[in-house]
Amino acid sequence: MDTRAAEAEEHRPENWPLGRLLGAASRTVERAWAEALEQRGLTHAGLIVLHLLELGFDSQSDLARMAQVEPQTMSRTVDRLVREGLVTRTPDPVDRRRHVLAITDEGRIAFAGVRGLEDEVFPDVADPAALRAALLQIVSARS
(Lines give C-alpha, C1' and ligand atoms only; values in the text may rest on other atoms or scores of the structure.)
Protein backbone atom coordinates (compact mmCIF):
# COMPACT_ATOMS: atom_id res chain seq x y z
CA MET A 1 0.00 0.00 0.00
CA ASP A 2 1.52 3.32 -1.01
CA THR A 3 1.68 6.28 1.38
CA ARG A 4 -1.33 8.03 -0.13
CA ALA A 5 -3.52 4.93 0.09
CA ALA A 6 -2.47 4.38 3.70
CA GLU A 7 -3.26 8.01 4.51
CA ALA A 8 -6.67 7.75 2.84
CA GLU A 9 -7.41 4.56 4.78
CA GLU A 10 -6.45 6.27 8.04
CA HIS A 11 -8.91 9.12 7.39
CA ARG A 12 -11.93 6.88 6.78
CA PRO A 13 -14.62 7.22 9.49
CA GLU A 14 -14.15 3.57 10.45
CA ASN A 15 -10.69 4.53 11.69
CA TRP A 16 -11.53 7.77 13.49
CA PRO A 17 -11.14 8.04 17.24
CA LEU A 18 -14.46 7.71 19.08
CA GLY A 19 -14.55 11.40 20.05
CA ARG A 20 -14.25 12.54 16.43
CA LEU A 21 -16.81 10.00 15.31
CA LEU A 22 -19.29 11.03 18.00
CA GLY A 23 -18.78 14.73 17.21
CA ALA A 24 -19.28 14.19 13.47
CA ALA A 25 -22.39 12.06 14.07
CA SER A 26 -23.77 14.68 16.45
CA ARG A 27 -23.26 17.52 13.95
CA THR A 28 -24.81 15.49 11.12
CA VAL A 29 -27.93 14.62 13.11
CA GLU A 30 -28.16 18.12 14.59
CA ARG A 31 -28.10 19.73 11.13
CA ALA A 32 -30.78 17.41 9.80
CA TRP A 33 -32.91 17.96 12.93
CA ALA A 34 -32.57 21.76 12.74
CA GLU A 35 -33.51 21.77 9.05
CA ALA A 36 -36.56 19.56 9.65
CA LEU A 37 -37.73 21.77 12.53
CA GLU A 38 -37.12 24.94 10.50
CA GLN A 39 -39.32 23.56 7.71
CA ARG A 40 -42.06 23.31 10.35
CA GLY A 41 -41.44 26.80 11.73
CA LEU A 42 -39.69 25.73 14.92
CA THR A 43 -36.24 25.71 16.43
CA HIS A 44 -34.73 23.16 18.77
CA ALA A 45 -34.95 25.64 21.65
CA GLY A 46 -38.58 26.40 20.82
CA LEU A 47 -39.39 22.70 20.72
CA ILE A 48 -37.91 22.25 24.20
CA VAL A 49 -40.07 25.10 25.54
CA LEU A 50 -43.23 23.68 23.98
CA HIS A 51 -42.42 20.27 25.40
CA LEU A 52 -41.83 21.63 28.90
CA LEU A 53 -45.06 23.64 28.75
CA GLU A 54 -46.91 20.49 27.70
CA LEU A 55 -45.42 18.79 30.77
CA GLY A 56 -46.93 21.47 33.00
CA PHE A 57 -44.05 23.85 33.71
CA ASP A 58 -45.31 27.42 33.49
CA SER A 59 -42.61 29.83 34.64
CA GLN A 60 -39.69 31.09 32.62
CA SER A 61 -37.27 30.38 35.47
CA ASP A 62 -38.50 26.77 35.69
CA LEU A 63 -38.14 26.39 31.93
CA ALA A 64 -34.58 27.75 32.03
CA ARG A 65 -33.67 25.42 34.89
CA MET A 66 -35.20 22.36 33.23
CA ALA A 67 -33.63 23.16 29.85
CA GLN A 68 -30.29 23.89 31.54
CA VAL A 69 -29.91 27.29 29.90
CA GLU A 70 -29.35 30.80 31.21
CA PRO A 71 -32.49 32.81 32.04
CA GLN A 72 -31.60 35.36 29.33
CA THR A 73 -31.42 32.61 26.73
CA MET A 74 -34.80 31.29 27.79
CA SER A 75 -36.23 34.82 27.71
CA ARG A 76 -35.21 35.27 24.06
CA THR A 77 -36.72 31.90 23.12
CA VAL A 78 -39.98 32.63 24.94
CA ASP A 79 -40.14 36.14 23.41
CA ARG A 80 -39.90 34.62 19.93
CA LEU A 81 -42.57 32.00 20.68
CA VAL A 82 -44.88 34.70 22.06
CA ARG A 83 -44.36 36.81 18.90
CA GLU A 84 -45.15 33.76 16.77
CA GLY A 85 -48.35 33.08 18.72
CA LEU A 86 -47.22 29.69 20.03
CA VAL A 87 -46.99 30.74 23.70
CA THR A 88 -48.71 33.31 25.91
CA ARG A 89 -47.16 35.19 28.80
CA THR A 90 -49.59 36.65 31.37
CA PRO A 91 -49.00 38.27 34.76
CA ASP A 92 -49.39 35.90 37.71
CA PRO A 93 -52.44 37.08 39.68
CA VAL A 94 -50.76 36.06 42.96
CA ASP A 95 -47.15 37.20 42.40
CA ARG A 96 -46.79 40.42 40.39
CA ARG A 97 -43.07 39.71 39.75
CA ARG A 98 -43.87 36.46 37.93
CA HIS A 99 -45.44 35.70 34.57
CA VAL A 100 -47.30 32.52 33.73
CA LEU A 101 -46.51 30.90 30.39
CA ALA A 102 -48.93 28.73 28.47
CA ILE A 103 -48.92 26.96 25.15
CA THR A 104 -51.54 28.25 22.71
CA ASP A 105 -53.68 26.14 20.40
CA GLU A 106 -51.26 27.09 17.60
CA GLY A 107 -48.38 25.95 19.80
CA ARG A 108 -50.09 22.62 20.42
CA ILE A 109 -50.58 22.17 16.68
CA ALA A 110 -46.91 23.02 16.02
CA PHE A 111 -45.79 20.61 18.74
CA ALA A 112 -48.06 17.86 17.42
CA GLY A 113 -46.62 18.47 13.96
CA VAL A 114 -43.18 17.31 15.07
CA ARG A 115 -44.27 14.12 16.84
CA GLY A 116 -42.63 11.28 14.98
CA LEU A 117 -40.17 13.64 13.29
CA GLU A 118 -37.26 11.74 14.82
CA ASP A 119 -38.25 8.68 12.82
CA GLU A 120 -38.16 10.73 9.61
CA VAL A 121 -34.91 12.57 10.32
CA PHE A 122 -32.62 10.24 12.21
CA PRO A 123 -30.86 7.49 10.29
CA ASP A 124 -31.78 3.89 10.94
CA VAL A 125 -29.36 2.06 13.19
CA ALA A 126 -29.09 -1.66 13.82
CA ASP A 127 -30.00 -1.44 17.51
CA PRO A 128 -31.77 1.84 18.39
CA ALA A 129 -32.34 0.77 22.00
CA ALA A 130 -28.63 0.11 22.48
CA LEU A 131 -27.75 3.47 20.89
CA ARG A 132 -30.21 5.25 23.18
CA ALA A 133 -28.82 3.45 26.22
CA ALA A 134 -25.26 4.37 25.27
CA LEU A 135 -26.17 8.02 24.70
CA LEU A 136 -28.03 8.17 28.02
CA GLN A 137 -25.00 6.67 29.71
CA ILE A 138 -22.75 9.32 28.15
CA VAL A 139 -25.07 12.19 29.03
CA SER A 140 -25.70 10.91 32.56
CA ALA A 141 -21.99 10.57 33.26
CA ARG A 142 -21.53 14.31 32.57
CA SER A 143 -24.58 15.58 34.46
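Aromatic ring pairs are classed by plane angle as parallel below 30°, tilted from 30° to 60° and perpendicular above 60°; the pair W33 and H44 is perpendicular.
At a threshold of 4.0 Å, the pair D79-R76 does not count as salt-bridged, since none of the basic side-chain nitrogens sits closer than that to a carboxylate oxygen.
By the side chain to side chain contact (heavy atoms under 4.5 Å, CB included) test, A102 is found to be paired with T88, residues two or more places apart in sequence or in another chain being considered. Residues satisfying the salt bridge (Lys or Arg N to Asp or Glu O under 4.0 Å) test with R132, not counting sequence neighbours, are none. Annotation: side chain to side chain donor-acceptor pair (under 3.5 Å) contacts of R97 (sequence neighbours excluded): D95.
Between T43 and L37, the shortest heavy-atom distance links the atoms C-CD1, 3.8 Å. The shortest heavy-atom contact between A67 and M74 is CB-CE, 3.8 Å. Closest approach of A64 and P71 over heavy atoms only: CB-CA, 4.1 Å. Smallest separation of non-hydrogen atoms from H11 and W16: O-NE1, 2.9 Å. Heavy atoms only, all atoms of each residue included: L52 and L63 are closest at CB-CD2, 3.3 Å. Across every non-hydrogen atom of R98 and S59, the tightest pair is NH2-CB, 3.3 Å.
More than 12 non-hydrogen atoms from other residues, nucleotides or ligands lie less than 6.0 angstrom from CD of E54. Residue-environment remark: NE2 (H99) exceeds the threshold of 12 foreign heavy atoms within 6.0 Å.
Between the side chain of R108 and the main chain of I103, a donor-acceptor pair closer than 3.5 Å is present. The backbone N or O of L22 lies less than 3.5 Å from no partner atom in the side chain of S26, so there is not a single donor-acceptor pair.
With rounding to the nearest 0.5 Å, the separation of CZ in F111 from CG in L86 is 12.0 Å. Distance CG/L81 to CG/L101: 9.5 Å, rounded to 0.5 Å. The structure places CG of L18 at 7.0 Å from CD1 of I138, a figure rounded to the nearest 0.5 Å. Remark: H51 NE2 to F57 CZ distance equals 9.5 Å, nearest 0.5 Å. Atom CZ of R115 and atom CG of L117 lie 12.0 Å apart (nearest 0.5 Å). Separating the CG atom in L55 from the CG atom in L50 is a distance of 11.0 Å, to the nearest 0.5 Å.
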- Message: Go through it in stages, so that I can follow the logic: the residues are V69 and T77, the test is side chain to side chain contact (heavy atoms under 4.5 Å, CB included), and I'd like the CA-CA distance, side-chain angles, deciding distance and then a yes or no.
- Response: CA-CA 11 Å; V69 299; T77 301; over 6 Å; no

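L47 and I109 fall into different hydrophobic clusters, where Ile, Leu, Val, Met, Phe, Trp and Tyr are joined by side-chain heavy atoms under 4.5 Å apart, directly or via other members. Put simply, L42 and V121 are part of the same group of oily side chains (I, L, V, M, F, W, Y) that touch within less than 4.5 Å, one to the next.
Looking only at side-chain heavy atoms (C-beta outward), L135 and L131 come within less than 4.5 Å of each other.
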